[in-house]
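The structure appears below as structure tokens.
Given the structure is predicted, the values throughout are model-derived calculations rather than measurements. In what follows, every chain begins at residue 1, and chains take the letters A, B, ... in the order their sequences are listed.
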Number of protein chains: 2
Amino acid sequence: MTGTQLTRRKRANGVESRQRILDAAVQIASERGYDGTSIAAVSARCGLPASSIYWHFRDKDDLLAAVIERSFETWLAAVDLPGEETGTPLQRIVAVGAAVAASLVDAPDFLRLGLMLALERRPEEPRGRAVFLQVREVARQKFTEVIETLLPDLDPANVRTVVTYALAGADGLFLQREIHGDVVDFTAMFELHARLVYEAALQMAPGTPQDQAQP
Amino acid sequence: MTGTQLTRRKRANGVESRQRILDAAVQIASERGYDGTSIAAVSARCGLPASSIYWHFRDKDDLLAAVIERSFETWLAAVDLPGEETGTPLQRIVAVGAAVAASLVDAPDFLRLGLMLALERRPEEPRGRAVFLQVREVARQKFTEVIETLLPDLDPANVRTVVTYALAGADGLFLQREIHGDVVDFTAMFELHARLVYEAALQMAPGTPQDQAQP
DNA sequence: AATCTACCGTAGCGATCGTTCTAGTTGTAG
DNA sequence: CTACAACTAGAACGATCGCTACGGTAGATT
């Protein structure tokens, strides 16, 4: 009686090897970019021969796409957006900003790798870049819904403007931290950003009541 | 009578070849990043053999550093910061934002390449990355002075916060445009950004008189 | 005319690239 | 036991990598 295993896939360390390969690949890709990520370097860092990498992944492009996918899932798990609390809209949007800031500190690989891939514009787009743009669009949609529920008076064009500005600010603050380190407090900058985004949205939709502006 | 040429350096197309090499290199580096920029590809695009590239530049790292340097000078020429006009601080800071926005549309290579290089973190840093970080620091210093003259009541810590937020926003908006194109009006986003930065600074230094907030 | 410097063209070096082939090895199923 | 699937090991492939050696050519200097 085999019992525990439902599927036929057994044999010990297949999944672990896959994770080790991905771990090595995400490190090297973060250091050296797409072209700089050589199979030999990944092989050396994870301790498995190149042929093992090619057993787990079709080719280099497939490997890098898997790296993006996994780092996205890791990041998604790191963001826990605050639920439907009963605070003011300002408090809620600041809470969202804080959650995003914390997730980017805990799991920066996704955005770092994604931005590196997104900045490149090679004739034939790597699959990883497409994956990044796609999941990023999902994130944008999620945030759009947050804005819409928090500020129902905002017309769609203004929503788009606010969301774009909010995401751009998040990208920029993340970049700042990646490049210069914590020259200023990252979480505090995100809180400032959230406040400013909210103020901007308020100015666009004057019908919304303004909560306590001064302490 | 040779006449026109003052210096001894003549022989036709040396400088022009150098420019052609740099033109090709900036294109390919924008498409494929540091490692992706192969000498063979640059050679093919500019029509000069690899040996000519190595006559003009010591090695690949030197070439990429020169690319960053030249694209920085091009960008610098594209920004013409508004002089000491007599408008309100808000008007002046919005004008600065508009000037930066226009320059990034006209000469995006510097920031695009620089960010690509800056995001990578290889064991041995490319010279181009150091060059980028250095001139970027100069730009930050310039903007710090603008803020200090416009808002003399702001204490240094707040100045740093405001400047960091302003630059991060500019980076983020630029990224947005690079990745998604003009999904929303780039110049308008920069104006919004300038306004928000100014409002944030005002809130930090309550002593400053506030100009016309509402039209 | 002779020389020199600036620059281009060809060929090729050793190293590394992505990828594949083939031959193991090892846990599980019949 | 045999059979097979899951995985690893090592060697090697053609292509391309960064880079160099070297000879040629054309304006400037003498």
Side-chain angles (χ1 to χ4, degrees), chain A residues 1-25 28-29 31-67 122-124 126-128, chain B residues 1-25 28-29 31-67 122-124 126-128:
Chain A
M1 65 180 66
T2 49
T4 54
Q5 49 263 38
L6 319 164
T7 66
R8 72 277 176 72
R9 51 161 30 263
K10 270 300 111 228
R11 171 60 196 270
N13 42 1
V15 273
E16 188 208 317
S17 292
R18 192 176 205 272
Q19 298 303 319
R20 277 182 36 205
I21 294 171
L22 287 174
D23 287 339
I28 294 177
E31 290 172 6
R32 325 185 63 114
Y34 185 87
D35 272 299
T37 305
S38 73
I39 300 294
V42 174
S43 164
R45 187 159 310 192
C46 72
L48 289 169
S51 56
S52 288
I53 298 179
Y54 279 93
W55 193 90
H56 288 281
F57 305 94
R58 186 150 38 85
D59 53 19
K60 173 174 164 173
D61 203 54
D62 190 42
L63 169 62
L64 269 295
V67 163
R122 43 190 87 218
E124 23 169 330
R127 263 190 57 211
Chain B
M1 62 178 67
T2 49
T4 54
Q5 50 264 36
L6 318 164
T7 66
R8 72 279 175 73
R9 52 162 27 264
K10 269 304 107 220
R11 171 56 197 271
N13 40 2
V15 273
E16 187 208 317
S17 292
R18 192 176 205 272
Q19 298 302 320
R20 275 180 39 205
I21 294 171
L22 287 173
D23 287 339
I28 294 177
E31 290 172 7
R32 325 184 63 111
Y34 185 87
D35 272 297
T37 304
S38 72
I39 300 295
V42 174
S43 164
R45 186 159 310 191
C46 71
L48 289 169
S51 57
S52 288
I53 298 179
Y54 280 93
W55 193 90
H56 288 280
F57 304 95
R58 186 149 38 87
D59 53 19
K60 173 175 165 172
D61 203 53
D62 190 42
L63 168 63
L64 270 294
V67 164
R122 42 189 89 218
E124 23 168 327
R127 264 189 57 211

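Distance B/Tyr54 OH to C/dA11 C1': 16 Å, rounded to the nearest Å. Spacing between atom CD1 of A/Ile21 and atom C1' of D/dA6 amounts to 13 Å, rounded to whole angstrom units. A straight line from OH of B/Tyr34 to C1' of D/dC17 spans 13 Å, rounded to a whole angstrom. In this structure, the CZ atom of B/Arg58 is 10 Å from the P atom of D/dC19, given to the nearest Å. A/Asp61 places its CG atom 12 Å from the P atom of C/dG18, with the value rounded to the nearest Å. A/Leu48 places its CG atom 18 Å from the P atom of C/dT25, with the value rounded to the nearest Å. Between the CD1 atom of A/Ile53 and the P atom of D/dG10 there is a distance of 14 Å, given to the nearest Å. Rounded to a whole Å, the CZ atom of B/Phe57 is 16 Å from the C1' atom of D/dG18.
With distances taken from any side-chain atom of A/Trp55 to the nucleotides D/dA6, C/dC8, D/dC17, the minimum falls on D/dA6. Distances from the side chain of A/Asp59 to the nucleotides C/dC8, D/dG18, C/dT19 place C/dT19 closest. When distances are taken from the side chain of A/Ala50 to each of D/dT8, D/dG18, C/dT19, the shortest belongs to C/dT19. Considering only side-chain atoms of B/Lys60, the nucleotide from D/dT8, D/dC19, C/dG9 that sits closest is D/dC19. Checking D/dC19, D/dC7, C/dT19 against the side-chain heavy atoms of A/Ile39 singles out C/dT19 as nearest. Among the nucleotides D/dC17, C/dC17, C/dT20, the one closest to the side chain of A/Ala40 is C/dC17.
Across all strands, B/Thr37 comes closer than 4.0 Å only to sugar-phosphate atoms, never to a base (heavy-atom distances).
In terms of phosphate contacts, A/His56 brings a side-chain nitrogen or oxygen within less than 4.0 Å of OP1 or OP2 of D/dT8. Regarding contacts with the backbone of D/dC17, a side-chain N or O of B/Ser38 is found under 4.0 angstrom from either OP1 or OP2.
Here the closest non-hydrogen pair linking B/Arg122 and A/Arg32 is NH2-O, 3.4 Å. The two atoms that bring A/Cys46 and A/Ile21 nearest to each other are SG-CG1, 4.0 Å, heavy atoms only.
Between B/Phe57 and the options B/Leu63, B/Val67, B/Leu64, a side-chain contact (heavy atoms from CB on, under 4.5 Å) holds for only B/Leu63.
With hydrogens and angles ignored, a donor-acceptor pair under 3.5 angstrom links the side chain of B/Ser51 to the base of C/dT10.
Remark: the backbone N or O of A/Ala24 is not paired with any side-chain donor or acceptor of A/Arg45 at under 3.5 angstrom. Formation of a donor-acceptor pair under 3.5 Å by the B/Arg127 side chain with backbone atoms of B/Asp61 is not found in this model.
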